[in-house]
Protein chains: 2
Amino acid sequence: MSQYPADVRIVEVGPRDGLQNEKALVATADKIALVDRLSDTGLRTVEATSFVSPKWVPQLADAAEVYSGIARRPGVAYPVLVPNEQGYARARAVGVEEIAVFTAASEAFNRRNVNASIDESLQRFAPVLERAAGDGVRVRGYVSTVLGCPYQGEVAVADVVRVARRLHAMGCYEVSLGDTIGVGTPARARTMLRAVAGEVPMSALAVHFHDTYGQALANVLACLEEGVAVVDAAVAGTGGCPYARGASGNVATEDLVYMLHGMGVGTGVDLAALAAAGRWLASLLGRETGSRVGRATAAAADGDGAAAG
Amino acid sequence: MSQYPADVRIVEVGPRDGLQNEKALVATADKIALVDRLSDTGLRTVEATSFVSPKWVPQLADAAEVYSGIARRPGVAYPVLVPNEQGYARARAVGVEEIAVFTAASEAFNRRNVNASIDESLQRFAPVLERAAGDGVRVRGYVSTVLGCPYQGEVAVADVVRVARRLHAMGCYEVSLGDTIGVGTPARARTMLRAVAGEVPMSALAVHFHDTYGQALANVLACLEEGVAVVDAAVAGTGGCPYARGASGNVATEDLVYMLHGMGVGTGVDLAALAAAGRWLASLLGRETGSRVGRATAAAADGDGAAAG
């Protein structure tokens, strides 16, 4: 029998990675309510917003207002995405205590995404990481396109290892390995994670899967078997993927929690409260929830459930 | 690294388990076209229809016409569901060469589903299995509710083992273990399969998952790691679940094939042809495909794909 971790920390990325890729505009007050509802479920990390330029991500132009408005619960971390020193300054001006920086494992993707080589991106982050260290701000790092790239196709595992090692060496306490376009399958996810864990401690790694091809939860399972104990997810499966329109988003937090709890793995999350938050968000977005658990428990909540057939 | 089988045989159950639980009525000619399209993709087993009483399953009242109409490809098996001797006679009258019988692991479910105890169901099948053996007809057995029951809740692993062993002993060449209501998670699926494989050879076992809570593909992965090499699936994720309305159906064959091929596991299936068949079926049913691969590749087929973002 494979061993699974006793406890998994979920990094809820719905308010950032989810909303930045949704077409529907969400009011600032609703974004604040979303973060508060999520942190009330027992989640220990809720990525609150992004201080990327509003020109790039207009959906999150109200990052400062959102961050200022949330009710920060003790024991919950609220990282925000930061692209450069300007973003860092904006975030710090409203009291941000944890940030996330990002680069790709694919040169082609990084050039298209931020108009810089991977090395240039890392150089751009160096002063941010220095300032963060001086300010006592924790930094999470994202590596995107770890299992494939919409522009160059294959991404070498060695490239993922190199970028993850650099981010960790620069001071990121955790590096999240993201299959941005959702093309990966469990055996490749496992191979990639194992290779990175040869250079960066597994305790400093997280995995981040998109469900574009329905593989996200199976990929998470394979990675749990390799020993990872931090998993990114987005409530209601929000996110879509700007590189494959019509495709589905991040792995749904509800479905992940259902799996973990069913396997006896603790998360600290109240699944019923989480599913309710997901349904509320889906109604705000004017679409069906991307979480199967959200749908199944909605049917039950309508009195239309298990014994109906 | 976990070992996966080199090759998996997929039992396509869309034309039966899928359509019997879909609300939309499908014309007989379309059912025939569906089976033919599926067997053209390289699938080696396509469950064609059900000879259960039309009173119980009106959607498949045209079972004899469907079976008579399909173009039987050499090397492809076309099992049909048979509930009793009357069904067996109807099936044989149109030349059926393989059947499937079914019972539950849950007493409460079996009583509600067929108004008989599990032992009574098995006794009812005994003469069918005897006739099949005499006629050279192969028999597959289904055990439902192996990871939970909508009426009694928990289902003991020992009950699953007992029923699977009985079906195998009675002559079923293969026993499919079904999580009818989709509540199972990978660790429990693995434990259940391992227990059954202690009494029935793994080579005579298949797994059958519904995606009600989004767990189906992760459950398949866990079971592949245990050594199972036959997996049931339904094109376009058809099926729903009559015991949890609004819930999603069988694991989508497209998503399963994508995972297996991505892991280097052979299936013999042409994924592009399969995804096209799934989209065609979804359009017949007047709903979106339940396959994420179907959706993602539809976007690509519309010229709206990977490089669009």
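Naming convention: chains lettered A, B, ... in sequence-line order (proteins, then strands); numbering from 1 in each chain. The shown structure was predicted, so the numbers you read here are calculated from the model rather than taken from an experiment.
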What do the steps show when you test A/Arg292 against B/Asp211 for side-chain contact (heavy atoms from CB on, under 4.5 Å), and what is the final call? CA-CA 8 Å; A/Arg292 305 260 194 206; B/Asp211 208 29; 2.9 Å; yes
Please name the pair of heavy atoms, one in A/Arg190 and one in B/Tyr4, separated by the smallest distance, quoted to 0.1 Å. NH2-OH, 3.0 Å
Which heavy atom of A/Ala187 sits nearest a heavy atom of B/Met263, and at what distance? N-SD, 3.7 Å
What residue, out of B/Ala222, B/Gly262, B/Ala189, has the most heavy-atom pairs lying under 4.5 Å from chain A? B/Gly262
Can you tell me which of B/Ala216, B/Cys149, B/Gly264, B/Ala218 forms the most heavy-atom pairs within a distance under 4.5 Å of chain A? B/Ala218
State whether the side chain of A/Gln215 and the backbone N or O of B/Leu217 hold a donor-acceptor pair below 3.5 Å, judged by distance alone. no
Working note: B/Tyr258 + A/Thr185, criterion side-chain contact (heavy atoms from CB on, under 4.5 Å); need CA distance, chi angles, decisive distance, verdict. CA-CA 8 Å; B/Tyr258 184 95; A/Thr185 45; 3.7 Å; yes
For the CG atom of B/Leu221 and the CD atom of A/Glu225, what is their distance to the nearest 0.5 Å? 6.5 Å
Name the region of B/Val251, side chain, backbone, both or neither, that has any atom closer than 4.5 Å to a heavy atom of chain A. neither
Could you walk me through whether A/Glu288 and B/Arg287 pass salt bridge (charged side-chain N to carboxylate O under 4.0 Å, His left out), step by step? CA-CA 13 Å; A/Glu288 196 180 44; B/Arg287 65 167 181 80; over 6 Å; no
